[in-house]
Engineer: 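This is the structure I have questions about; it appears just below.
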Amino acid sequence: MILAGRETGVIVTGATGRQGLFHIQLMNEYAREVGGVGVVAGVTPGKGGKEAAGVPVYDSIRAALKEHDADASVIFVPAGAAGDSIMESAANGLSLVVAITEHIPVHDTMQALAYARLCGSTVIGPNCPGLLSPGEAKLGIMPAQLATPGPVGVVSRSGTLTYEIVDELTRAGIGQSTVVGIGGDPVIGSTFTDILARFEKDPATKAVVLVGEVGGALEQEGAASTTLPLVAYVAGVSAPPDKRMGHAGAIVEGGEGDARSKIRALEAMGVTVASRPSEIPALVRSLV
Amino acid sequence: MKLREHEGKRIFADAGIPVPAGRVVQSVDELDDLSSFGDRVVLKAQVDVGGRGKAGGVVICGVDEAPARAAELFSKTIKGLAVSELLVEECLSIAHEYYCAVLIDRSTRQPVVLFTEAGGVEIEETARQDPDRIRRFDISPLLTELPAFAVRDLVGPAPKALGPVVSALYRVFLEKDALLAEINPLVVLDDGRVFAADAKVIVDDNAIARQGFRQNRDLTEREAEAERHGFSYVELDGEIGVVGNGAGLTMATLDLIEHYGLRAANFLDVGGGADRERVAHAVRLLAGSPGVRVIIVNLLGGITRCDEVAQGIIDAGVSQRVIVRMAGTNEAEGRALLTEHGYEMYDSMDRAVGAAAEVKV
C-alpha cells in the first residue's frame with residue numbers, strides 16, 4: 001500500500017457540487033467498510049457552515065484545518081479554479097493532493113505543480129480517477145467493488161481502462177496493493193517513475209501493472225527506473241498517427257510517442273507487454 | 001487548436017516580433033494590386049499540415065506571375081486538404097535561418113525553450129543527427145519572463161537582435177496558453193533585420209474559451225453533432241461503430257477490433273455519466289454513418305446504471321446489429337431488458353468484439 005491508508009484524513013474541495021457530494025458519500029461508505037478515517041471535511045468558498053453528504057463544509061482549507069486533522073485533499077473544483085485549489089492544499093501543508101478535475105488549462109497545471117513541489121506536497125493528477133488501496137483507503141472515484149487486496153500494484157494514465165484491468169485481475173484471483181490513476185493530461189503531478197519509486201519501497205507490492213497510452217515517453221522512463229517485475233499494456237496501437245506537435249515535440253521527446261514505438265521500446269528493456277487487457281493476469285502470474 | 005500561419009503572425013506582431021508584410025486572400029481576384037510588395041512575392045497555402053513547403057504549398061514568384069501561380073495553388077490539395085486561403089508576403093532576402101520554439105516537456109513538467117542556428121526544413125534531421133546543435137533552457141513556470149542570462153545562453157554567438165524575439169516568443173507562449181509557439185525559420189536578412197518567416201502556435205483546447213478564440217476546424221455534420229453532445233469523436237474508415245466511456249477504454253476497444261481483423265468506423269467516447277439519453281444519441285450518431293455494419297457499445301464504470309444504458313440502446317432502435325458489453329450497477333436488469341429486445345450482451349470486451357468477428361472467445 002502506498003500514498004494513503006486507513007489513518008489518512010481527507011478534505012474534499014468542490015464539496016457541494018454534484019460530483020463532490022456523490023463521491024464524498026462513496027468515499028465515506030468505503031472508509032466505514034474498512035474502518036478508515038475517510039473524508040473529514042468539505043470546502044467550498046461561500047458555503048461554510050453547510051453540510052455535504054454528512055460532513056461539515058468550510059469556506060477554506062485553512063478554516064477546515066482549524067477544526068479537523070487532515071493529510072490529503074481530493075479536488076472536484078471546476079477546471080478554471082482547480083489550479084488554485086491545488087495550490088491552496090499545498091500552501092496549507094497537505095502532503096497529498098489528488099486532483100480529479102479534467103480540462104484544467106495546462107499552464108494552470110504547470111504553475112500549480114511547481115508551487116506544490118516548493119511546498120513539499122505530492123500531487124496525483126489532474127484529470128485522474130485517484131487512488132484505491134483495497135481494504136485500506138479510497139481517495140477519488142474508482143469503483144471499489146472491482147478491486148480486492150493483494151500483491152500487485154497498478155499504475156495507469158487511464159480511467160475506465162484501469163477499472164477494466166483491475167476487474168480482469170480480480171476475476172483471475174489476483175489482488176491489488178494500490179491502484180493509482182496518474183491522469184491523462186500532458187502534464188501530471190506524479191509520473192510512472194514517481195509512483196514506481198513508492199511501489200519499490202512497499203513490501204506488500206511484488207509486481208506492477210503499468211497501463212500507458214499514446215503520447216510522450218513517461219512509460220519508458222518509468223520502466224527504466226524500477227527493479228520490480230512489470231507487465232505493461234499500451235492502448236492505441238490502432239490509432240492513426242497523431243497530429244504532431246510541430247518539429248519541437250519530436251526534438252524534445254526524441255520519438256513519435258505512438259503506441260507501437262512505445263511497445264518496442266518497453267520490450268527492448270525486457271518489459272513484458274500484453275497485447276490486450278485480458279492477457280494481463282496470466283502474464284502477471286508468470287512473473288510472480 | 002492549431003492556429004493558421006497568418007493568425008500566429010498577427011499574435012507575433014502584437015507581441016513585438018517582426019513579421020513580413022503580407023495579407024490573406026481567399027481568391028485570385030484579390031491579387032490585383034501587389035505593387036507594395038516589390039518585384040517578388042511569396043504565396044503560402046494556409047493549410048493545417050506540417051511539411052507544407054516540401055508538398056508544394058509555398059511558391060516564390062515575380063509579382064506579374066502571382067495571379068497565375070495563386071490560381072494553381074487554389075486548385076491544389078496539399079496532403080489531402082483543399083487550399084481556401086493564401087498568405088501573400090513580401091519576399092525576403094535571407095542571410096541565415098534560425099529556429100526557436102517554446103513548448104512543454106512532459107518529463108520535467110515545465111516549459112522548455114529551444115534555439116538553434118540550424119533552422120529550416122531539415123530541423124528534425126538536425127535534432128536526430130546533431131542534437132548538441134540545439135540549445136535548450138528549461139524554465140520554471142513560476143517565472144513570467146525568460147531571465148536575461150537564459151536568452152544570452154540560447155542565442156549564443158547568433159546576432160544579438162534575435163534576443164528580443166526569443167523573450168517575446170516566451171511571453172506569447174505564456175499569455176496565449178500555448179502548447180507550442182514555434183518560429184521556423186526565424187530569419188536574419190542581408191541587411192541585418194530579423195523576421196519570423198513562419199508561425200506555428202498551438203493553443204491549449206482547455207484554454208480556448210478564456211483566450212476568446214473560436215474553434216477554426218471545419219467539422220463534418222456528424223463531428224458537429226458529436227461536439228454538441230460533448231462526445232469525443234473521431235471518424236475512421238472501417239465498418240464497426242464503437243461507443244465507449246473513457247478515452248483509454250475506447251482506444252483499447254479499437255485495438256481489440258484490429259486484433260480480431262476488423263476495422264473500426266470511429267472512436268466515440270461518451271465521457272462520464274453515460275445515461276439513457278446520451279447513449280441513445282451516441283448509438284444513433286454511429287448508425288447514421290455510412291458503412292457502419294455493427295455497433296459495439298463498451299461501457300464500464302462503478303456508477304454506470306446498466307438498465308439506463310440498455311434503455312438508451314432500445315430507444316435508439318437502430319437497424320444495425322448492436323453488441324453490448326457493460327458492467328456496473330443493475331447489470332442483471334440491463335441484461336434482461338436487452339435480451340427481451342433481442343440485443344446481445346457480453347460480460348467481457350474480448351467476447352463482445354469476438355462476437356462481432358464471429359470468433360468464439
Engineer: Answer with side chain, backbone, both or neither: which region of A:Asn127 has an atom nearer than 4.5 Å to a non-hydrogen atom of chain B?
Structural biologist: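 When you check distances to chain B, no heavy atom of A:Asn127 falls under 4.5 Å.
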Engineer: Under a 4.0 Å N-O cut-off, is there an ion pair linking B:Arg106 with A:Glu221?
Structural biologist: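 So B:Arg106 does not pair with A:Glu221 through a salt bridge.
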Engineer: Of all of B:Ile257, B:Leu256, B:Asn206, B:Thr250, which one pairs up most often with chain A through heavy atoms under 4.5 Å apart?
Structural biologist: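 Top option by heavy-atom pairs under 4.5 Å: B:Asn206.
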Engineer: Could you look at B:Glu258 and say if it's the side chain, the backbone, both or neither that has a heavy atom under 4.5 Å from chain A?
Structural biologist: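 Looking at B:Glu258, just its side chain touches chain A.
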Engineer: For the residue pair B:Arg109 and A:Ser190, what are the closest heavy atoms and their distance?
Structural biologist: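 Minimum heavy-atom contact is NH2-CA, 4.0 Å.
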Engineer: Between A:Ser275, A:Gly189, A:Pro129, which shows the greatest number of heavy-atom pairs under 4.5 Å with chain B?
Structural biologist: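 Among the listed options, the one with the most contacts to chain B is A:Gly189.
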Engineer: Let me know if A:Ile104 has heavy atoms under 4.5 Å from chain B in its side chain, its backbone, both or neither.
Structural biologist: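 For A:Ile104, backbone heavy atoms alone lie under 4.5 Å from chain B.
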Engineer: Measure distances from A:Val234 to the heavy atoms of chain B and classify the residue's part below 4.5 Å as side chain, backbone, both or neither.
Structural biologist: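 Only the backbone of A:Val234 comes within 4.5 Å of chain B.
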Engineer: Side chain, backbone, both or neither: which part of A:Thr160 has a non-hydrogen atom closer than 4.5 Å to chain B?
Structural biologist: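 For A:Thr160, the contact with chain B is made by backbone and side chain together.
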Engineer: Drop me the distance from A:Asp167's CG to B:Met349's CE, to the nearest 0.5 angstrom.
Structural biologist: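 One gets 11.5 Å once the value is rounded to the nearest 0.5 Å.
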Engineer: Report, in residue-number order, which members of residues 232-244 of chain B are under 4.5 Å from chain A by heavy-atom distance.
Structural biologist: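 Interface residues of residues 232-244 of chain B: B:Leu236.
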Engineer: May I have the step-by-step check of side chain to side chain contact (heavy atoms under 4.5 Å, CB included) for B:Asn245 and A:Tyr163, ending in yes or no?
Structural biologist: CA-CA 11 Å; B:Asn245 63 337; A:Tyr163 315 159; over 6 Å; no
Engineer: Select one option (side chain, backbone, both, neither) describing which atoms of A:Glu164 are under 4.5 Å from chain B's heavy atoms.
Structural biologist: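 The answer is both parts of A:Glu164.
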Engineer: What part of A:Ile188 is in contact with chain B, defined as an atom under 4.5 angstrom from a non-hydrogen atom: side chain, backbone, both or neither?
Structural biologist: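 Only the backbone of A:Ile188 comes within 4.5 Å of chain B.
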Engineer: Check ring pair (Phe, Tyr, Trp, His ring centres under 6.0 Å) between A:Phe192 and all other residues, then give those that pass, not counting sequence neighbours.
Structural biologist: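 Applying ring pair (Phe, Tyr, Trp, His ring centres under 6.0 Å) to A:Phe192 gives none.
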Engineer: May I have all residue pairs that pass salt bridge (Lys or Arg N to Asp or Glu O under 4.0 Å) and include part of residues 97-117 of chain A, sequence neighbours excluded?
Structural biologist: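 Applying salt bridge (Lys or Arg N to Asp or Glu O under 4.0 Å) to every pair that reaches into residues 97-117 of chain A, excluding sequence neighbours, yields A:Asp108-B:Arg210.
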Engineer: Between the side chain of B:Asp255 and the main-chain N/O of A:Ala235, is any donor-acceptor distance below 3.5 Å?
Structural biologist: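 Judged by distance alone, no pair lies under 3.5 Å.
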Engineer: Check the pair A:His107, B:Asp177 against side chain to side chain donor-acceptor pair (under 3.5 Å), reporting the backbone distance first and the verdict last.
Structural biologist: CA-CA 6 Å; A:His107 283 260; B:Asp177 274 305; 4.8 Å; no
Engineer: Heavy-atom cut-off 4.5 Å, strictly under: side chain, backbone, both or neither for A:Ala79 against chain B?
Structural biologist: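 For A:Ala79, there is no contact with chain B at all, as no heavy atom is under 4.5 Å.
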Engineer: I'd like to check the side-chain hydrogen bond (donor to acceptor under 3.5 Å, both in side chains) partners of A:Asp84; sequence neighbours left out, ordered by chain and number.
Structural biologist: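 With neighbours one apart ignored, the set is empty.
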